[in-house]
Participant: 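Before I ask anything, let me first share the structure, which is written out below as structure tokens.
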Amino acid sequence: MNERKSKLYFITLTSSYLKYLGIYENKVSLKVNRPFIGIVFKINNKEYFAPLSSPKEKHKKMKTNIDFFKIDKGNLGIINFNNMIPVINNDLCRKKLDLKMLSKSLNTEDIKYFRLLKNQLKYCEKNKNIIFAKAEKIYNIFTKNFEELSESQKKIYRRVNNFKVLESASKEFEKEYITELL
């Protein structure tokens with residue numbers, strides 16, 4: 001992976017981009033009622049988004065697996081590598097999350113959420129080499145032909161996005177909606 005020195009940051013994906021990708025891959029989450037937040041990094045010179053999940057008791061008990069990363073042993077949630085999505089650097093696809101704006105809120109829930117995101121980002125930044133390596137590994141495994149996978153990988157396959165299909169759909173989205181505007 002070529003982005004080990006870059007800083008991690010959070011983005012949200014637009015519902016229009018998620019809906020578009022969902023046409024091609026039914027495992028794409030269509031969470032339109034709340035932000036779909038994740039970190040961005042590069043795999044094979046393509047930016048990818050890996051969604052975060054807020055902390056749940058079950059995260060602490062989950063056995064370590066290739067398709068997710070426990071943030072602080074699950075105390076701060078997890079990164080779902082199985083749901084990675086290629087992203088385009090354009091506002092029609094994504095928006096960078098402004099943590100400073102969230103920190104200035106007077107709403108106590110926003111302040112709690114800001115602290116969680118800040119702690120998640122700090123932990124991820126400290127462990128980014130592990131995160132990058134794990135993201136690259138799952139990408140490399142699950143872009144192989146199904147027949148080439150081990151038995152344990154085949155069991156995980158059903159819950160992993162089809163990265164090649166999503167890359168193709170992402171290019172189509174870019175051609176159809178972004179290049180047209182230029």
Side-chain angles (χ1 to χ4, degrees), residues 1-22 25 27-43 46-139 159-161 163 166 170:
M1 187 152 325
N2 51 3
E3 291 291 305
R4 304 237 188 240
K5 292 180 182 157
S6 66
K7 288 200 78 67
L8 293 173
Y9 57 94
F10 290 139
I11 65 168
T12 60
L13 297 181
T14 63
S15 60
S16 60
Y17 185 64
L18 288 170
K19 286 176 187 170
Y20 189 88
L21 295 181
E25 170 58 86
K27 291 184 283 286
V28 170
S29 177
L30 301 175
K31 296 180 179 183
V32 289
N33 57 339
R34 59 189 172 108
F36 195 46
I37 295 172
I39 57 173
V40 176
F41 43 79
K42 281 192 177 182
I43 300 175
K46 177 78 179 144
E47 282 195 315
Y48 260 83
F49 164 90
L52 274 68
S53 183
S54 296
K56 296 172 184 64
E57 205 50 45
K58 71 177 184 174
H59 294 152
K60 296 174 191 173
K61 298 173 186 166
M62 291 166 68
K63 282 197 284 183
T64 300
N65 208 331
I66 189 169
D67 63 336
F68 65 88
F69 175 79
K70 289 183 180 186
I71 305 171
D72 189 24
K73 300 176 186 154
N75 293 313
L76 295 174
I78 62 172
I79 301 171
N80 291 303
F81 293 115
N82 58 312
N83 293 328
M84 290 191 311
I85 297 172
V87 290
I88 304 161
N89 192 2
N90 186 286
D91 285 348
L92 288 175
C93 167
R94 71 192 213 182
K95 308 251 189 261
K96 192 168 180 179
L97 192 63
D98 186 357
L99 289 180
K100 284 183 181 157
M101 193 173 90
L102 196 57
S103 72
K104 294 175 183 173
S105 173
L106 299 176
N107 182 316
T108 53
E109 287 303 309
D110 286 349
I111 299 295
K112 250 171 67 175
Y113 192 49
F114 163 74
R115 286 188 188 125
L116 169 65
L117 290 173
K118 192 172 126 189
N119 289 334
Q120 286 176 324
L121 191 58
K122 185 178 174 182
Y123 189 89
C124 289
E125 190 60 47
K126 203 162 54 169
N127 292 279
K128 72 179 171 185
N129 287 342
I130 296 165
I131 291 167
F132 288 158
K134 201 162 185 170
E136 189 172 48
K137 184 176 182 178
I138 195 166
Y139 178 88
R159 66 178 185 248
V160 177
N161 279 339
F163 304 130
L166 288 173
S170 180

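All residue numbers in this chain count up from 1 along the given sequence. The structure presented is a predicted model; accordingly, all values stated were derived computationally and were not measured.
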Participant: How long is the straight-line distance from CG of Asp72 back to NZ of Lys60, given to the nearest 0.5 Å?
Facilitator: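 With rounding to 0.5 Å, NZ (Lys60) is 9.5 Å from CG (Asp72).
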
Participant: Taking atom NZ of Lys96 as the centre, does the number of heavy atoms from other residues, nucleotides or ligands within less than 6.0 Å exceed 12?
Facilitator: no

Participant: Report the residue from Asn75, Leu116, Asn119 that forms a side chain to side chain contact (heavy atoms under 4.5 Å, CB included) with Pro55.
Facilitator: Leu116

Participant: How long is the span from the CD atom in Glu25 to the OG atom in Ser170, to the nearest 0.5 Å?
Facilitator: 13.5 Å

Participant: Do you know the tightest heavy-atom contact between Met84 and Ala135?
Facilitator: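 Met84 and Ala135 have their closest heavy atoms at CE-O, 3.7 Å.
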
Participant: Taking all atoms of both residues into account, what is the closest heavy-atom pair of Cys124 and Leu8, and its distance?
Facilitator: O-CD1, 3.5 Å

Participant: Could you check whether any side-chain heavy atom of Val40 comes within less than 4.5 Å of a side-chain heavy atom of Tyr9, counting everything from C-beta outward?
Facilitator: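 Contact flag for Val40/Tyr9 side chains = yes.
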
Participant: Tell me, with the steps shown, if Lys134 and Ile79 meet side-chain contact (heavy atoms from CB on, under 4.5 Å).
Facilitator: CA-CA 10 Å; Lys134 201 162 185 170; Ile79 301 171; over 6 Å; no

Participant: Is the side chain of Asn161 donor-acceptor paired with the backbone N or O of Phe163 at a distance under 3.5 Å, no angle test?
Facilitator: no

Participant: Can you tell me if NZ on Lys126 sees more than 12 non-hydrogen neighbours from other groups inside 6.0 Å?
Facilitator: no

Participant: For the side chain of Lys27 and the backbone of Asn82, is there at least one donor-acceptor N/O pair under 3.5 Å apart?
Facilitator: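 Side chain of Lys27 to backbone of Asn82, a donor-acceptor pair under 3.5 Å: no, none is there.
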
Participant: If I compare all heavy atoms of Pro86 with all of Tyr17, which pair ends up nearest, and what's the gap?
Facilitator: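 Reported closest heavy-atom pair: O-OH, 2.5 Å.
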
Participant: How long is the straight-line distance from CZ of Phe69 back to OG of Ser53, given to the nearest 0.5 Å?
Facilitator: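 If I round to the nearest 0.5 Å, the distance is 14.0 Å.
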
Participant: Say you draw a straight line from CD of Gln120 to CZ of Phe10; how long is it, rounded to the nearest 0.5 Å?
Facilitator: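 Rounded to the nearest 0.5 Å, the CD-CZ separation comes to 5.0 Å.
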
Participant: So which atom in Ile138 and which in Phe81 form the shortest heavy-atom distance, rounded to 0.1 Å?
Facilitator: CG2-CB, 3.8 Å

Participant: Between the side chain of Lys95 and the main-chain N/O of Asp91, is any donor-acceptor distance below 3.5 Å?
Facilitator: yes

Participant: Look up atom OH in Tyr48 and atom CD1 in Ile85, then write down how far apart they are to the nearest 0.5 Å.
Facilitator: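 Nearest 0.5 Å value for the OH-CD1 distance: 9.5 Å.
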
Participant: What distance do Thr64 atom OG1 and Lys73 atom NZ have between them, rounded to the nearest 0.5 Å?
Facilitator: 11.0 Å

Participant: Got a sec: does the CZ of Arg159 have more than 12 other heavy atoms crowding it under 6.0 Å?
Facilitator: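 Count over threshold, so yes.
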
Participant: Between the side chain of Thr14 and the main-chain N/O of Leu92, is any donor-acceptor distance below 3.5 Å?
Facilitator: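 Present.
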
Participant: What verdict does the side-chain contact (heavy atoms from CB on, under 4.5 Å) test give for Phe49 and Arg94, after you've listed the backbone C-alpha separation in whole Å, the side-chain angles of each residue and the deciding distance to 0.1 Å?
Facilitator: CA-CA 10 Å; Phe49 164 90; Arg94 71 192 213 182; over 6 Å; no

Participant: Do Ser29 and Asn83 pass the side-chain contact (heavy atoms from CB on, under 4.5 Å) test, and can you show the C-alpha distance, the side-chain angles, and the key distance before you say yes or no?
Facilitator: CA-CA 8 Å; Ser29 177; Asn83 293 328; over 6 Å; no

Participant: Can you name the nearest heavy-atom pair linking Lys70 to His59, along with the distance?
Facilitator: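 Smallest heavy-atom distance, with atoms named: CE-O, 3.1 Å.
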
Participant: Taking the basic N atoms (NZ, or NE/NH1/NH2) and the acidic carboxylate oxygens, is any pair closer than 4.0 Å for Glu125 and Lys128?
Facilitator: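 Lys128 and Glu125: salt-bridged.
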
Participant: Report the C-alpha distance between Leu99 and Phe114 in whole Å, list the side-chain angles of each, state the deciding distance to 0.1 Å, and finish with yes or no for side-chain contact (heavy atoms from CB on, under 4.5 Å).
Facilitator: CA-CA 7 Å; Leu99 289 180; Phe114 163 74; 4.0 Å; yes

